[in-house]
Amino acid sequence: MQHIVEGFLNFQKDVFPNQKELFRSLASSQNPKALFISCSDSRLVPELVTQQEPGQLFVIRNAGNIVPSFGPEPGGVSATIEYAVVALGVTDIVICGHSNCGAMKAIATCQCLDPMPAVQHWLRYSDAAKAVVEKKTYASEEEKVNAMVRENVIAQLNNIKTHPSVAVGLRDKALRLHGWVYDIESGVIRALDKQTQDFVLLSENPGVCYE
């Protein structure tokens with residue numbers, strides 16, 4: 001904890017003064033153009049990976065970068081998506097998975113999650129991805145986990161389209177969806193290309209999107 005406090009003190013002393021005008025402009029309003037939905041994993045920092053300043057990304061982070069389908073009792077993820085689209089008017093939504101995801105590994109390897117019933121329940125929102133992965137065979141556990149990460153991004157993209165605000169945005173061509181997988185070791189991002197249904201290098205296909 002002391003390390004975190006020291007980090008804040010460094011921010012207050014050395015970082016904040018150099019960006020004082022930026023924070024002054026953000027004090028009363030925000031105008032992010034993208035909603036970034038990623039895993040809570042400490043190794044993936046959306047603002048760092050995308051090199052965005054404060055105020056440029058509206059972020060949702062949870063175990064497994066999961067988006068529950070819209071239902072009669074919407075939760076925090078649903079409310080945040082709705083606020084981002086309706087109130088803030090974001091034009092892009094990114095759902096970003098990552099390599100060696102603990103949540104996806106637990107599903108792919110059928111780990112016992114009885115000691116964590118809330119986690120077990122939460123990961124049921126990845127059942128569609130699990131069903132796709134279980135229909136195939138893989139050369140290794142790592143290959144299966146990687147497939148689970150990719151299929152989960154696809155499943156969550158399908159889930160988010162059930163949200164009314166997103167459905168309207170897509171219909172009106174006011175919103176674009178992106179599916180990404182970030183590789184922690186290499187720093188590479190692969191993005192889902194709707195035309196081929198493959199994840200392609202974002203660095204070589206900067207304009208690719210899912211919807």
Side-chain angles (χ1 to χ4, degrees), residues 1-68 74-103 149 152-153 156-157 159-160 163 165-166 168-170 174-192 201-203 205-211:
M1 188 63 202
Q2 185 59 33
H3 182 67
I4 295 173
V5 173
E6 289 172 357
F8 163 68
L9 294 175
N10 180 66
F11 165 79
Q12 190 178 50
K13 177 184 176 183
D14 298 325
V15 178
F16 184 87
N18 294 326
Q19 295 184 294
K20 187 172 291 186
E21 290 305 315
L22 170 62
F23 288 110
R24 180 178 288 116
S25 70
L26 293 173
S28 59
S29 65
Q30 62 172 320
N31 188 33
K33 297 303 181 186
L35 168 62
F36 199 99
I37 303 172
S38 71
C39 187
S40 296
D41 195 296
S42 61
R43 299 167 294 176
L44 171 54
V45 182
E47 293 85 354
L48 177 63
V49 170
T50 60
Q51 288 293 282
Q52 297 301 292
E53 296 286 349
Q56 294 181 311
L57 287 182
F58 201 65
V59 179
I60 297 173
R61 300 185 69 175
N62 62 55
N65 43 274
I66 283 170
V67 178
V77 173
S78 298
T80 306
I81 290 169
E82 188 173 84
Y83 185 81
V85 175
V86 178
L88 298 179
V90 298
T91 56
D92 293 88
I93 298 177
V94 179
I95 298 180
C96 185
H98 66 91
S99 61
N100 194 34
C101 178
V149 170
N152 182 57
V153 169
Q156 306 315 318
L157 286 167
N159 285 350
I160 202 170
H163 290 245
S165 59
V166 174
V168 171
L170 292 173
L175 195 61
R176 294 185 301 176
L177 300 182
H178 309 263
W180 291 3
V181 172
Y182 169 66
D183 184 77
I184 295 169
E185 184 174 1
S186 68
V188 163
I189 287 177
R190 293 184 181 274
L192 182 61
L201 286 172
L202 185 61
S203 57
N205 303 271
V208 71
C209 69
Y210 171 72
E211 189 83 40

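Atom set for the values below is all heavy atoms of this structure, side chains included, hydrogens, waters and symmetry mates excluded.
Between atom SG of residue Cys96 and atom CD of residue Gln156 there is a gap of 13.0 Å, rounded to the nearest 0.5 Å. Going from atom SG of Cys209 over to atom CG of Leu192 covers 9.5 Å, rounded to the nearest 0.5 Å. Note that the CD1 atom of Ile93 and the CD1 atom of Ile37 stand 6.0 Å from one another [nearest 0.5 Å]. To the nearest 0.5 Å, the span separating CG on Asn100 from NE2 on His98 amounts to 7.5 Å. Atom OG in Ser99 sits 4.0 Å away from atom CD1 in Ile184 (nearest 0.5 Å). Separation of atoms CG (Asn152) and CG (Asn159) is listed at 9.0 Å; rounding is to 0.5 Å.
Looking at every heavy atom in both residues, Gly64 comes nearest to Cys101 through CA-SG, 4.4 Å. Here the shortest heavy-atom pairing between Ser165 and Val86 reads CB-CG2, 3.8 Å. Of all heavy-atom pairs between Val153 and Gly97, the closest is CG2-N, 3.7 Å. The minimum heavy-atom distance between Val90 and Pro32, with the atom names listed, is CG1-O, 3.7 Å. Here the closest heavy-atom approach between residue Ala103 and residue Ala63 is recorded as CB-C, 4.4 Å.
When side chains are defined from C-beta on, Asp183 does not count as touching Ile189, because their heavy atoms never get closer than 4.5 Å. Counting heavy atoms from C-beta on, the side chains of Tyr83 and Leu88 come closer than 4.5 Å. Residues His163 and Ser78 have side chains in contact (heavy-atom distance under 4.5 Å, counting atoms from C-beta outward). Two residues are said to be in side-chain contact when any heavy atoms from C-beta on lie closer than 4.5 Å; Asp41 and Tyr182 fail this criterion. Side-chain contact between Ile95 and Leu177 is absent, with no heavy atoms from C-beta onward closer than 4.5 Å. Counting heavy atoms from C-beta on, the side chains of Leu175 and Asp92 never come closer than 4.5 Å. Side-chain atoms of Ile66 and Val77, non-hydrogen and from C-beta on, never get closer than 4.5 Å to each other. Annotation: side chain of Pro54 is in contact with side chain of Leu22 (closest heavy-atom distance under 4.5 Å).
Within a 6.0 Å sphere centred on CD of Glu6, heavy atoms belonging to other residues, nucleotides or ligands number more than 12.
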Run the numbers on Val94 and Leu35 for side chain to side chain contact (heavy atoms under 4.5 Å, CB included), then give the verdict.
-> CA-CA 6 Å; Val94 179; Leu35 168 62; over 6 Å; no
For Phe58 and Phe36, run ring-ring contact (aromatic ring centres under 6.0 Å, His included): C-alpha distance rounded to whole Å, both residues' side-chain angles, the deciding distance at 0.1 Å, then the answer.
-> CA-CA 6 Å; Phe58 201 65; Phe36 199 99; over 10 Å; no
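With Asn65 contributing its side chain and Arg61 its backbone, the two residues share no donor-acceptor pair below 3.5 Å.
Between the side chains of Glu47 and Gln56, not a single donor N or O lies within less than 3.5 Å of an accepting N or O.
Note: Trp180 and His178 have perpendicular aromatic rings, judged against thresholds of 30 and 60 degrees for the angle between ring planes.
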